[in-house]
Student: 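Here it is, the structure in full.
In listed order, ligands and their atoms are each counted from 1. For clarity, every value in this text was computed on a predicted model and none was experimentally measured.
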Amino acid sequence: TPPALIRNFCIIAHIDHGKSTLADRMLQMTGVVEERLMRDQYLDRMDLERERGITIKSQAVRLPFTPSAGPDAGTTHVLNLIDTPGHVDFSYEVSRSLAACEGTILLVDAAQGIEAQTLANLYLALDHDLQIIPVLNKIDLPAAQPDKYAAELAHLIGCDTGDILRVSGKTGEGVAELLERVVSEVPPPVGDADAPARAMIFDSVYDTYRGVVTYVRVVDGALASRERIFMMSTKATHELLEIGVISPEMKPVAGLGVGEVGYLITGVKDVRQSKVGDTVTLNARPATEPLPGYREPKPMVFSGLYPLDGSQYSDLRDALDKLKLNDASLTYEPETSGALGFGFRCGFLGLLHLEIIRERLEREFGLELISTAPNVIYDVLMEDGQRHAVMNPSEFPTGKIASVREPMVRATVLAPSEFVGAIMELCQSRRGSMRGMDYLSEDRVELRYTMPLSEIVFDFFDALKSRTRGYASLDYEPTDDAEADLVKVDILLNGDPVDAFSAIVHKDKAYSYGVAMASKLKELIPRQQFEVPIQAAVGSRIIARENIRAIRKDVLAKCYGGDITRKRKLIERQKEGKRRMKTVGRVEVPQEAFIAALSSD
Ligand code: GDP
Ligand code: MG
């Protein structure tokens, strides 16, 4: 297809504003999915695939479309709809997807208005110079207020309210006009057809049957089946076993040229060999310069994952190996905890990434896990000149420390201006220093901070959301690390330190942290047969103490002589409760204690 007839675009929206539903309508209206295959069945099948991890999810669907009005009427165009993940943890992936497009549909729910992710995504799109088509969705809803939100949206992006399309992804109203707007407003791709090939990888997924499927957007030159390709960052060469487009299934084609979007299959089995952001060129005539934007995914947040049942250790290792095939940014290495036994220290891009992996391990692999408090990596310099990279707080060295450095981020918070005071207070309490503040409009403000990553990892987003009624959006990027006055706080149960509860905190916060942890654990750990002291300590100095009093009576004593079924029920219930208990020393600690104790407030 000549570039003049290609339009590459994506849809950006806050979650639940109707992105997937609108995409379905587009598949249907362009005839890519047959009418009889559409509806629930089609989607169900996709769901199942997604659940099993054999992703044939449409990452970039090719839609043939012929406008019936306007200057391009009657000419068939190729529209490539590129999917984007929507969260800050994956902002690098989002930004790679956006870099593959020339335009975007900014979708806003006409009953909700602009929300946090609408803004975060809009700013990312503006960073990439994308043509923005503002659209109000769900106008069929009785609660829709299209006039009100059209004014809000027009104000935000500086357009006329009349430029804002009103559609319903559910009924299909306005969707044909929207596709016509895509053709007339999104610029066609530009590239040098005669230059050495350069294609950008914007996604790669592992498919059980085909191996790694790599999604690319060709910028210059062309790629064809059977050619040998060269990955510019990994320096690996592979044969192109298959090249094709998704419409809506994988369809092999002879080759892809300037501006085209499609997939590559090389037979490799590990997504690490097909890195998002990398540039693909041809082995025979390689490009000299890669496309901008390759960055190694670097784990930022670490947590220990332990099977509740020690015999599941090797199952956990196998599950991590499998997930790694599809997720280059996941790292893990074995570790042993006095409290939790054998497990793995895992590295993640951020908290959401951690949660997703944890949930997949439990849901897809049937594992029951305990995860320790998320922490960042510390660079510890000893007085004798030795250096340690500390990924696990319990391994914080005990000798004479010269300095500790911690990772820092540049954080950007966008919120309605009424929340400025609350946000500033929060950022200051999290050791942030302000870099600047701008009013984007009368009532929207952008605050920029430099902050320790550890403070963000520790529930910052939740705190921010609750202080701004969900209206703030947050984005952050790593910057140079910085020296800080940090100490390790240990928690002792019955006199024994519990390594999983150790934390590294700022010296000024050690006392309040110790007090809060001790009192929280007192709530979370049930009474035992004997009294259990809980202590917080910095080195050998005890900074806080609580006591869990001993239980007096056996629960069964209550039904002594009582009816037997009631007794049996009680025993069952006790067993159920114990299932998720971990015995630490002589003390039984419920799993919730590990999770709850480690989240703030
Ligand atoms: P996404 O998270 O942006 O992909 O949103 P979905 O497409 O999954 O939609 C979220 C919810 O909104 C679903 O329950 C949809 O059925 C519903 N929805 C999406 N578009 C419309 C619409 O145009 N009208 C109405 N009434 N509901 C819609
Ligand atoms: Mg969706």
Side-chain angles (χ1 to χ4, degrees), residues 9-30 32-33 38-51 55-61 63 79-91 93-94 97-98 101 103-125 130 132-150 152-153 156 164-179 181-182 203 205 246 248 352 355-356 359 465 470-471 473:
F9 74 106
C10 55
I11 308 174
I12 55 181
H14 192 82
I15 183 153
D16 279 349
H17 280 204
K19 207 167 77 119
S20 305
T21 308
L22 179 63
D24 287 343
R25 279 302 80 65
M26 290 178 168
L27 288 178
Q28 193 179 25
M29 291 177 66
T30 54
V32 165
V33 179
M38 198 61 207
R39 295 189 239 295
D40 298 354
Q41 258 167 325
Y42 185 78
L43 297 170
D44 282 353
R45 191 173 57 83
M46 298 289 281
D47 273 344
L48 203 67
E49 283 168 348
R50 234 174 273 143
E51 262 184 30
T55 319
I56 314 176
K57 196 176 69 170
S58 311
Q59 303 283 337
V61 218
L63 311 167
L79 310 187
N80 291 306
L81 169 55
I82 293 172
D83 204 10
T84 57
H87 190 271
V88 286
D89 277 10
F90 306 107
S91 65
E93 276 75 10
V94 178
S97 300
L98 297 184
C101 301
T104 184
I105 294 171
L106 178 66
L107 197 67
V108 174
D109 185 326
Q112 302 287 331
I114 292 162
E115 292 184 71
Q117 284 174 293
T118 318
L119 285 174
N121 286 322
L122 169 64
Y123 288 103
L124 269 180
L130 299 191
I132 289 160
I133 303 177
V135 176
L136 284 175
N137 189 30
K138 307 197 189 180
I139 53 163
D140 62 291
L141 282 178
Q145 293 181 278
D147 292 335
K148 174 178 174 196
Y149 291 122
E152 194 179 296
L153 192 50
L156 175 70
I164 297 170
L165 260 179
R166 300 177 181 199
V167 310
S168 165
K170 188 174 175 187
T171 65
E173 186 181 346
V175 179
E177 292 88 320
L178 175 54
L179 290 171
R181 285 273 296 268
V182 170
D203 202 1
V205 299
I246 313 260
L352 178 76
E355 278 164 31
I356 290 173
E359 183 168 340
K465 286 263 174 182
Y471 276 103
S473 65

Student: Could you state the interatomic distance from CG (Asn121) to CG (Leu107), rounded to the nearest 0.5 Å?
Tutor: 11.5 Å

Student: Measuring from Ile11:CD1 to Leu81:CG, what's the distance to the nearest 0.5 Å?
Tutor: 5.0 Å

Student: With heavy atoms of Asn137 as the reference, note each atom of ligand 1 found under 4.0 Å away.
Tutor: 20 (N), 23 (O)

Student: Going by the closest heavy atom to atom 12 (O) of ligand 1, which one wins out of His17, Glu173, Lys19, Lys138?
Tutor: Lys138

Student: Do Ile139 and Val167 make a side-chain contact, defined as non-hydrogen atoms from C-beta onward lying under 4.5 Å apart?
Tutor: no

Student: Would you say ligand 1 has an N or O under 3.5 Å from any N or O of Gly18?
Tutor: yes

Student: Apply side-chain contact (heavy atoms from CB on, under 4.5 Å) to Phe9 and Ile82, showing your working.
Tutor: CA-CA 6 Å; Phe9 74 106; Ile82 293 172; over 6 Å; no

Student: Keeping Arg166 on the side-chain end and Leu136 on the backbone end, is there a donor-acceptor pair under 3.5 Å?
Tutor: no

Student: Where does Asp140 meet ligand 1, judged by heavy-atom distances below 4.0 Å: at the side chain, the backbone, both, or neither?
Tutor: side chain

Student: Could you list the atoms of ligand 1 found under 4.0 angstrom from a heavy atom of Leu141?
Tutor: 26 (N)

Student: Checking the N or O distance criterion of under 3.5 Å, is ligand 1 in contact with Val167?
Tutor: no

Student: Hey, is the main chain of Cys10 close enough, under 3.5 Å, to the side chain of Thr104 for a donor-acceptor pair?
Tutor: yes

Student: Just which atoms of ligand 1 are under 4.0 Å from any heavy atom in Ser20?
Tutor: 1 (P), 4 (O), 7 (O)

Student: On a heavy-atom basis, I'd like to know which of Ile139, Ile12, Val175, Thr21 is closest to atom 19 (C) of ligand 1.
Tutor: Thr21

